[in-house]
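Residue indices begin at 1 and follow the sequence shown.
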Amino acid sequence: MQQFSGRAAAPGLAQGSVVWFAETACGKTPQGTPAQELEKFRLAREDCTLRQAQLYQAAREQAGEEAAAIFELHGMLLQEDLEEYVRPYIEQGKPAAEAARLGMREVGALFAALDDDYMRQRSEDMAELGEELAAAIEGGAAPTLSRPAILAAQQLFPGQAVSLPKGLLLGVVLQKGGAQSHMAILARSMGIPLIFCPEAGPDWHGRTALLNGGTGGIVLDPDEARQAAYAQSARALARQTALLESYRGKPTQTANGQSVALLANIGGMADLPALQISDAEGVGLLRSEFLYLESPNWPTENAQYAAYCAALRALPGKPVTLRTFDLGADKTAPYMHLPACANPEMGCRGLRFGLQNPHLLKTQLRAALRAAACGPLGIMFPMVCTPDELDKALTLLEECRAELAAEGTAFGKASVGCMVETPAAVLYAAELARRCAFLSIGTNDLHQYTFASEREGEVLYAAADPALLRLVGMTVQAAHAQGCRVNVCGQLAADPAATRALLALGVDGLSVPPGQVLAMRRHIADITV
């Protein structure tokens with residue numbers, strides 16, 4: 001018996017025989033001239049684009065509409081000008097397949113250099129796209145299963161997983177990958193345990209394995225005692241899952257009947273599969289930075305419109321709150337050429353950046369207003385400190401409405417709100433609420449600016465410190481006096497230890513990660529306020 005500790009990526013338990021998949025290239029054609037290799041790349045991109053459309057349909061059947069968004073996103077990325085990253089390598093004498101890998105890794109390196117963990121994970125997606133292009137050029141074996149099994153490999157792409165016969169894939173162990181990769185997201189949507197374990201190898205083939213996708217634990221050749229323990233864990237997990245599932249579709253209420261809106265935070269298209277199965281009552285925070293940080297240039301109005309409509313389709317008829325770009329500080333990309341700032345958290349970020357670059361903000365606002373015709377979209381401005389800043393943003397929004405109307409372009413009536421992330425915004429809460437349909441308290445930044453304590457540094461003050469809770473209470477009281485609702489969307493919203501206090505202060509909604517929605521609904525049902 002052997003035991004391994006891998007990185008958990010998709011929860012669940014699996015027991016079965018391991019099938020090792022070793023991908024080998026077939027080598028379709030010998031290397032040609034640079035012009036011929038460039039043509040190979042162009043044809044491969046066309047093939048991959050067509051395949052993404054086919055995989056989209058397969059994913060819809062196996063994992064749901066929003067899991068298919070992964071392939072929709074890949075199709076969109078393939079429409080970008082990827083050739084500019086690939087051509088230089090071909091001109092250096094590289095074959096098309098290698099040039100595709102290197103070019104996509106170059107794009108991925110731009111993401112990997114960012115401070116934001118979510119965006120660093122996107123670098124793996126670009127490497128994945130490079131491998132898909134290379135496979136289309138070279139040809140290669142695809143994984144196959146003839147019986148239920150655990151698939152182990154160096155790496156596996158979502159398209160390969162979706163192509164396997166439904167019901168035969170019990171679990172997956174991969175040498176390489178990350179918890180925010182598309183493969184991990186798809187595995188979670190399909191309910192397939194996934195673990196990343198560098199020790200996995202061909203010698204695992206044919207051996208019996210136990211997987212715990214929640215802890216990352218792997219047991220090869222388990223003895224009878226370990227198999228009995230696994231069976232007991234499987235029964236306990238089934239009971240826990242059934243308990244949480246019993247809250248699906250139910251209203252979110254405390255034990256004494258106080259209702260609260262239970263919403264989800266999402267960071268981009270890659271989160272849509274998890275959102276779709278979360279049973280959230282809406283999206284309390286759609287972070288739009290992903291569009292800017294995942295793009296080699298400023299995203300167009302049409303690209304943004306498509307992304308926002310996709311988020312609305314994930315939860316048909318339910319509200320989606322879009323936060324306008326909170327760029328600056330740790331959220332920047334090379335093409336932005338933002339000036340250096342000694343203290344970026346205190347510098348030009350959030351709405352400040354938008355007001356200094358109104359053409360960029362108006363492009364986003366036009367896309368958002370157009371998307372509001374697809375469903376109930378809210379527009380929320382970040383890092384608002386004064387009513388004057390909000391008034392300037394609202395003026396730009398009105399200009400966009402007038403422009404779209406003059407053009408005859410369809411748009412919807414989006415509700416408008418702003419973030420409360422600084423003590424100044426708390427003190428101005430009544431004035432801000434008078435101009436808004438809702439306020440959303442970002443407790444991460446509010447905590448940082450209240451205690452002059454770095455978010456990522458040493459933790460000096462409790463997340464639910466009484467001083468912070470007083471600021472929350474002041475905001476709620478001032479907003480409710482103006483008929484304006486208040487949500488909380490920071491980490492405090494998902495902290496069970498703080499839930500009772502937030503609800504007692506009168507918070508109207510909590511926005512949490514999609515995977516915590518059902519657990520939070522159950523927790524709230526046991527609270528009396």
Starting at [atom1] of [X], measure out to [atom2] of [Y] and round the result to the nearest 0.5 Å.
X: Q304; Y: Q364; atom1: CD; atom2: CD; result: 5.0 Å
X: Q356; Y: L351; atom1: CD; atom2: CG; result: 10.0 Å
X: L510; Y: C489; atom1: CG; atom2: SG; result: 10.5 Å
X: Y449; Y: L471; atom1: OH; atom2: CG; result: 14.5 Å
X: I266; Y: L315; atom1: CD1; atom2: CG; result: 8.0 Å
X: R470; Y: Q477; atom1: CZ; atom2: CD; result: 13.5 Å

Side chain to side chain contact (heavy atoms under 4.5 Å, CB included) partners for [X], two or more places apart:
X: P193; answer: A14
X: S246; answer: L243
X: Q258; answer: T254, L503, V529
X: T409; answer: R370, L404, E407

Is there a side-chain contact between [X] and [Y], using heavy atoms and a 4.5 Å cut-off?
X: L369; Y: L397; result: yes
X: L327; Y: E289; result: yes
X: L286; Y: Y308; result: yes
X: S415; Y: I379; result: no
X: V260; Y: V507; result: no
X: V517; Y: V512; result: yes
X: D508; Y: H480; result: yes

Problem set entry | Check: D465/H447 side-chain N/O donor and acceptor closer than 3.5 Å |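 Absent: no donor and acceptor within the cut-off.
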Exercise. Does a donor on one side chain sit under 3.5 Å from an acceptor on the other, for N487 and S440?
Worked result: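 Per modelled atom types, N487 and S440 side chains form no pair under 3.5 Å.
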Is a donor on one side and an acceptor on the other found under 3.5 Å between the side chain of [X] and the backbone of [Y]?
X: R521; Y: Y247; value: yes
X: N256; Y: T528; value: no
X: S288; Y: R323; value: yes
X: N265; Y: S511; value: yes
X: N357; Y: L360; value: no
X: E281; Y: L262; value: yes
X: Q516; Y: P513; value: no

Exercise. Which pairs count as salt bridge (charged side-chain N to carboxylate O under 4.0 Å, His left out) when at least one residue sits in residues 421-438, sequence neighbours excluded?
Worked result: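 Qualifying pairs, neighbours excluded: D391-R435.
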For this session: Would you please test T450 and V426 for side chain to side chain contact (heavy atoms under 4.5 Å, CB included) and show each step?
Result: CA-CA 11 Å; T450 297; V426 174; over 6 Å; no
Quick one: closest heavy-atom pair of [X] and [Y], and the distance?
X: V384; Y: C418; result: CG2-CB, 3.8 Å
X: P496; Y: M520; result: N-CE, 4.5 Å
X: T363; Y: P299; result: CG2-O, 4.3 Å
X: A100; Y: L133; result: CB-CB, 4.0 Å
X: A498; Y: A464; result: CB-CB, 4.3 Å
X: L174; Y: M183; result: CD1-CG, 4.1 Å

For this session: Give me the one residue out of E398, E403, E301 that meets salt bridge (Lys or Arg N to Asp or Glu O under 4.0 Å) with K362.
Result: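 So, applying the salt bridge (Lys or Arg N to Asp or Glu O under 4.0 Å) to K362 and each of E398, E403, E301, only E403 qualifies.
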Problem set entry | Test applied, side-chain contact (heavy atoms from CB on, under 4.5 Å); reference residue, F381; option that passes from L432, L365, D326, L355 |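 So the option named by the test is L365.
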For this session: Identify which one of V472, L492, L502 satisfies the side-chain contact (heavy atoms from CB on, under 4.5 Å) criterion when paired with I441.
Result: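 Testing each of V472, L492, L502 against I441, the sole residue satisfying side-chain contact (heavy atoms from CB on, under 4.5 Å) is V472.
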Problem set entry | side chain to side chain contact (heavy atoms under 4.5 Å, CB included) evaluation trace for L390 with C436 | CA-CA 9 Å; L390 181 57; C436 293; 3.7 Å; yes
For this session: For atom OH of Y428, decide whether the heavy atoms of other residues, nucleotides or ligands shown that lie under 6.0 angstrom number more than 12.
Result: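 Counting neighbours around OH of Y428, 12 or fewer heavy atoms of other residues, nucleotides or ligands fall under 6.0 Å, so no.
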For this session: Output all residues satisfying salt bridge (charged side-chain N to carboxylate O under 4.0 Å, His left out) with R248, sequence neighbours left out; order by chain, then residue number.
Result: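 Scan of R248 (salt bridge (charged side-chain N to carboxylate O under 4.0 Å, His left out), adjacent residues dropped) gives E245.
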For this session: Using the six-membered ring wherever Trp is involved, compare the ring planes of F325 and F353 and label them parallel, tilted or perpendicular (cut-offs 30° and 60°).
Result: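 F325 and F353: perpendicular rings.
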